Amino acid sequence: MSGSERSTEEKIARLRETLNEHLYRYHVLDAPTISDALYDGLYHELVALEAAHPSFVTPDSPTQRVGAKPLEAFPEVSHRVPMLSLGNAFSDDDIVAFDKRCRTSLGNANHGDIEYACEPKFDGLAISLTYERGIFVRGATRGDGAVGEDVTQNLRTVGSIPLRIATEAAVLEIRGEVLMQRRDFERLNARQAANGEKVFVNPRNAAAGSLRQLDPTLTAERPLSFFAYGIGATDGVELPSTHAASMDMLARLRFPVTAERAVVLGVDGLRQYFARIGAARPTLPFDIDGVVYKVNNLALQQQLGFVSRAPRFAIAHKFPAEEATTILEGIDVQVGRTGAVTPVARLKPVFVGGTTVSNATLHNEDELRRKDLKIGDTVIVRRAGDVIPEVASAVLAYRPVDAREFVMPTRCPKCDSAIIRLEGEAVARCTGGLFCPAQRKQALLHFAQRRAMDIEGLGDKLVDQIVEHNIVHTAADLYRLGLLALASLERMAEKSAQNLLDAIAQSKQTTLARFLFGLGIRHVGEATAKDLAKHFGNLDRLMAATGDELLEVHDVGPVVAQSIRQFFDQPHNCEVVAQLRACGIRWPEHAGVMASAASGAVGAVAAVELKGPFAGKTVVLTGTLATMSRDEAKEKLESVGAKVAGSVSKNTHFVIAGTEAGSKLDKAQALGVPVLSEAEFIVRLDNSETH
DNA sequence: TTACCTCGAGCTCA
DNA sequence: CTCGAGGTAA
């Protein structure tokens, strides 16, 4: 390398450092020390130098934040440590209970107060940032907790996310929230409006929408912020002993960490913190929907562990649900797939909790009476931390003289069949069965849905049309559709029609479980359908099964058994099933587990009969799992038919790697044995059949 | 329950 | 350009 090249490389490096420093001051410290114009000048100098010397470009250069090409789609990423959700608390009682639970579980009931780390709960999107040897390599959304979407390109454009951090850790995964600050949101909306583009309803939606852009240059134009609040997977790094110290560490690594965090003692400390943040809420630069409390000591956190999918050592204390008053303009009824007739509130649209609410379920008649709601009432609508809006109560003082009481219709508005409500049941039902177009539509929609027959393109508008036009009565009719029948429908020209027919034809090859689920037998959901398919293995045997035989199926009790029997006792249903099979619907059939159970086989034989990703497989555990102990993992694996071995060999089917995985992981990689992350492991466990 | 993005395709008007 | 469907997120 020549002397001048060396000096160019050094110059580029210096410039990079300078720019990164200014980005940090601007985005994280919120205290820039140079003007935007000066920054731009330096930035363009770097762009020019890098363009002339492409070999000196590094992944942490500020120029690498933008400019990536649009994606086709977001790839999936599985989280090595699952991204769990938090339990919610809404009242002081809930908090007292939380503290008590922690103290009892820690055997600490009579000792001092527990130390809690507190922070605001940002109203944004949870994401994970992975750094390998200090370089930002991957950013992902939470997804279902186990698998999220890879939005690395978009996250690179977020100025407050460092592209390189000063750590020796082989892997360091940071968890945090992407959000849009109020001021940025308002400015963005003003700009959008000025350009004649759509304005966003609230900062959270604006942030979510920005992150979902396939073209990162669009994301780069959106003023997103990031705040770190936790650490996920790590390799080769020693973590501090408390959460607060971890946050301090993140701050030293130059991640934005909220200034509102605090460490407090006991319930009183939690109360004071909640009051303080509640008071500060309107003046905060971003939206929050509560605060989060975590047991500060990480060792104690481990001791407390997890319940199902949420940690026991942390809780979200939500602010009271936002409320607004509006007019209850009417109450319609909705007829569901099972004929259940549900009253639905039609509200004068009102903006509450960040969205416009115009519909809300009223559940059933009793609920309505209890709340004493009349049509025409001024009502209080509430949108809690969760998603479902609720009509909380009527303001009786404003009740107009002509307010009308809701009466449950006695005849179905769609098919005029009688609506009856059985003794002791809360729901009223339309007795029209499949004669009722509303029920027929719902049944078809259910049949076609992804988790059932998966007929792509058959949505509710289309189902509406084919039912209204009397083109389709039963599911079997779908398989007899032709181009001609579809020609009369709206938005159904040749191409769409052919696509739909192709999708229908494709759905013929399916599984017994999907088919059973799709039939929409009451009390037979996805899980029960799987159980039934596994047990009988064959539809004819299931249809012929007596109530007692049905009771032998895992998780089937008298109610479910009776419902299945009833379904197949109706000649009409058997007829439709026969027609469907005649139309060419196919699934692999097998002997089921009945045969082996009847032959008196137990234990080992039953385990071999188990299906699923782990049945009959040899699995090796390595590293520390976040959500369960080694023993628990072993127990769970064995219950789904796996053999848990101690060391990796070529006969090992899977290695499950937690954090700090050691030589077993290396060996697995050397032998080419598939390695599962904890999250992938949990997902597969859920898909397994236990006995 | 609502809002957002993306895609394919239909519709409309030049 | 507009619509429906499908997916995601809280």
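To find a chain, count down the sequence lines: A is the first, B the second, and so on, and within it residues start at 1. Source: prediction; values computed, not measured.
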Take the protein atom [atom1] of [X] and the nucleotide atom [atom2] of [N], then report the distance between them rounded to whole Å.
X        : N      : atom1 : atom2 : answer
A/Leu445 : C/dG6  : CG    : C1'   : 13 Å
A/Ile388 : B/dT2  : CD1   : P     : 10 Å
A/Phe122 : C/dA10 : CZ    : C1'   : 16 Å
A/Leu125 : B/dT2  : CG    : P     : 20 Å
A/Ile127 : C/dA10 : CD1   : P     : 11 Å
A/Asn359 : B/dA3  : CG    : P     : 11 Å
A/Phe351 : B/dA3  : CZ    : C1'   : 11 Å
A/Arg382 : B/dT1  : CZ    : C1'   : 16 Å

**Test salt bridge (Lys or Arg N to Asp or Glu O under 4.0 Å) applied to A/Arg514 - qualifying residues, sequence neighbours left out** = none
**Message:** Test of understanding: with salt bridge (Lys or Arg N to Asp or Glu O under 4.0 Å), list the residues that count as partners of A/Glu186, not counting sequence neighbours.
**Reply:** none
**Message:** Does A/Ala126 reach a base, just sugar-phosphate, or nothing at all? Heavy atoms under 4.0 Å.
**Reply:** sugar-phosphate
**Prompt:** Base, sugar-phosphate, or nothing for A/Gly143, non-hydrogen atoms under 4.0 angstrom?
**Reply:** sugar-phosphate
**Asked** side-chain contact (heavy atoms from CB on, under 4.5 Å) with A/Asp94: which residues, sequence neighbours excluded?
**Response** A/Ala89, A/Phe90, A/Ser91
**Asked** How are the rings of A/His317 and A/Tyr293 set to each other: parallel, tilted or perpendicular (split at 30° and 60°)?
**Response** perpendicular
**Request:** Name the orientation class of the two ring planes belonging to A/Phe136 and A/Tyr131 (parallel below 30°, tilted from 30 to 60°, perpendicular beyond 60°).
**Result:** tilted
In a table with atom names and distances, give each donor-acceptor pair under 3.5 Å that connects a side chain of residues 343-355 of chain A to protein atoms at least two apart or in another chain.
from     : atom 1 : to       : atom 2 : distance (Å)
A/Arg346 : NE     : A/Asp332 : OD2    : 2.7
A/Arg346 : NH1    : A/Asn359 : OD1    : 2.7
A/Arg346 : NH2    : A/Asp332 : OD2    : 3.4

**Asked** Between the side chains of A/Glu173 and A/Ser128, is a donor N or O closer than 3.5 angstrom to an acceptor N or O?
**Response** yes
**Asked** Would you say the side-chain atoms of A/Thr258 and A/Tyr229 include a donor-acceptor pair closer than 3.5 Å?
**Response** no
**Where protein sits on nucleotides 4-14 of chain B, one letter per nucleotide: B base, S sugar-phosphate only, - none, heavy atoms under 4.0 Å** = SSSS-BBS---
**Item:** Below 4.0 Å: OP1/OP2 of B/dT2 and any side-chain N or O of A/Ser358
**Value:** yes
**Prompt:** Under 4.0 Å between a side-chain N/O of A/Thr361 and OP1 or OP2 of B/dT1, yes or no?
**Reply:** no
**Message:** Whether A/Glu323 and A/Arg383 form a salt bridge (side-chain N of Lys/Arg under 4.0 Å from carboxylate O of Asp/Glu) is what I want to check.
**Reply:** no
**Message:** Just to be sure I understand the geometry, which residues of residues 446-464 of chain A put a non-hydrogen atom under 4.0 Å away from DNA chain B?
**Reply:** none
